[in-house]
Number of protein chains: 2
Amino acid sequence: MNTLGARPVVVAKSAATAHCIECGARGRSVCNAISERDLDRLAAVAVPKRIEKGQVFIEEGEAAVDFFNITTGTAKLYKMLPDGRQQITGFAGSGHFLGLAVSDTYAFTAEAIETVDLCRFSRPKLRALLDDFPLLEKRLLETACNELVAAQEQMLLLGRKTARERVASFLASRHTETVGCGKRSERVALPMTRAEIADYLGLTIETVSRTLTRFKSEGKISLPSRDEVEIIDPHWLLGVATGEDSHAAFV
Amino acid sequence: MNTLGARPVVVAKSAATAHCIECGARGRSVCNAISERDLDRLAAVAVPKRIEKGQVFIEEGEAAVDFFNITTGTAKLYKMLPDGRQQITGFAGSGHFLGLAVSDTYAFTAEAIETVDLCRFSRPKLRALLDDFPLLEKRLLETACNELVAAQEQMLLLGRKTARERVASFLASRHTETVGCGKRSERVALPMTRAEIADYLGLTIETVSRTLTRFKSEGKISLPSRDEVEIIDPHWLLGVATGEDSHAAFV
DNA sequence: CGCACACTTGAACCCCCTCAACCCAAGTGG
DNA sequence: CCACTTGGGTTGAGGGGGTTCAAGTGTGCG
């Protein structure tokens, strides 16, 4: 749509100001609040950076000096207890804006689970940008609200759902997310390990593994590889995920 | 500070426009983004309403036509599964802004657990207000971020903490919240029932009750009445709440 | 080829849930 | 005034879903 077929005619501006125009994540992210002709303003303050797998780029408790916007790859966001128990509060993919906390320290840790490309914004520069582009602030508020809704859904999962329901919810949401990205087919990527799924769902590795093999033996999914799931029966999965009374049928 | 000792000199404007000036929740809420001389603009669109205990005023899935701001009392916000399991995602007290979801349906249900007074804003009128007072939008974003941080903390609790740690966390946060409101002393009010505490912490009534009596018999709290707790050892409670390794002492 | 790491599978255990009885304070009405 | 009801809270016994501990099984990569 907006690439118009033309190859990037490589710009009169400096190389640094070009990257926003070509950014594949722009459509998905808050950056789409800024019109194409103002993109150089954005590009001037967005510092691109590559984060290798396993690298932590936001640490809970550290001074919150920067904001980030992920362009490619996936990061896990988590909080830890002193004895090592950890809870992953979310996975951040392309277009995800990080560091929303207004507090002066980060409230969570962020670690790349595959190679991540992101843009870094310094706090004051982003603030200046927000003052010039009120639409950007509106988009941020929108984003925050959506995350809040997702967080509430996750609280329901963690507080009240069974292991089966949790894993089903996870797969179902991954599935709808995947088809939402245009990629059709029932093949869903799992860039995270079983341990990370467990820490996201409030379970143990073993329970996640057992539940997945159970679903497989029930013919609802298949596991073509370690980091892929094929959703055979999406409707059934969604039913389990939403905790539909399985026995209310004959009443 | 801002009352200046003077009794409300009851205004040249109509009675309806006066209520914001006298509102006890103003200091705590997003409304403090609007200066005193513009308060009539706010008052013109804020419709006060009383909600009796037990009454639902936001219903999950219904069209999101209004926003609310609580002035007095407490409401519980929750999500439910079809078989009746429910998860309370938060308690909203004085100054709390509700309905942030940008979606066109509410993502949760809100019910008064004691008599609640609130202000209702219609969606379009609030939007107009936001356009005229950018500071108000900033405050809303701030609020949303704070709630997001709280939600992440709650996910850690629900996903990884033991029953003891959950109850301790609950009491500790109630405690700091109470002292934050100026009310000193270690008497903490519990306007919610045991069932509601349980649904908030992802436990059962019985476990909550047992854990409380356990804390009591250990001399860390006392229970002067059904809806009050006296925090005898706040420091110890906080320790349990944050999951400090209880046995790392002698290593 | 072999090591390392992620995952799977099995068996025993335990924390919390379930079910059930009981307590207690606040009505309510005869 | 007291029997009865009602609703929230407490306490006890037993059971189960998920964890813990411990092997076993791939599988990618040097």
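Keep in mind that the numbers below use all heavy atoms, side chains included, and drop hydrogens, waters and symmetry copies. Reminder, nothing fancy here: chain letters follow the sequence lines and each chain counts from 1. A quick note: this is a predicted structure, and the numbers were derived from the prediction, not measured.
A donor-acceptor contact under 3.5 Å is not formed by the side chain of B:Arg214 with the base of D:dT10. A donor and an acceptor atom never sit less than 3.5 Å apart when one is taken from the side chain of A:Arg164 and the other from the base of D:dG18.
Between the CG atom of B:Leu223 and the OG atom of B:Ser209 there is a distance of 9.0 Å, given to the nearest 0.5 Å. To the nearest 0.5 Å, the span separating CG on A:Asp66 from OH on A:Tyr106 amounts to 5.0 Å. To the nearest 0.5 Å, the span separating CZ on A:Arg164 from CZ on A:Arg210 amounts to 14.5 Å.
Nearest approach of A:Leu156 to B:Met80, heavy atoms of both residues: CD2-O, 4.5 Å. B:Ala241 and B:Ser169 get closest at one heavy-atom pair: O-OG, 3.3 Å. A pairwise comparison of heavy atoms in B:Leu201 and B:Arg166 identifies O-NH1, 2.8 Å as the closest pair.
Here the C1' atom of nucleotide D:dT25 and the CG atom of A:Leu223 are 15 Å apart, to the nearest Å. Here D:dG28 presents its C1' atom at 16 Å from CD of A:Glu228, a figure rounded to the nearest Å. Atom P of nucleotide D:dG17 and atom CG of A:Leu158 are separated by 20 Å, given to the nearest angstrom. Rounded to an integer number of Å, the gap from CG of A:Asp227 to P of D:dT27 is 12 Å.
Along DNA chain C, the stretch of nucleotides lying under 4.0 Å from any heavy atom of chain A spans, 5' to 3', C:dA6 to C:dA11.
Which of D:dG18, D:dT10, D:dG9 sits closest to the side chain of B:Ile205 comes down to D:dT10.
The aromatic rings of A:Phe57 and A:Phe68 sit perpendicular to each other, their planes meeting at more than 60°, with 30° as the lower class boundary. The aromatic rings of A:Phe97 and A:Phe121 sit tilted relative to each other, their planes meeting at an angle between 30° and 60°.
Near DNA chain C, meaning a heavy atom under 4.0 Å away, the residues from residues 191-204 of chain B are B:Gly202, B:Leu203, B:Thr204.
Ranked by how close their nearest DNA chain C nucleotide is to the 5' end, A:Glu206 and A:Arg226 are led by A:Arg226.
Between the side chain of A:Thr242 and the backbone N or O of A:Leu238, at least one donor-acceptor pair lies under 3.5 Å.
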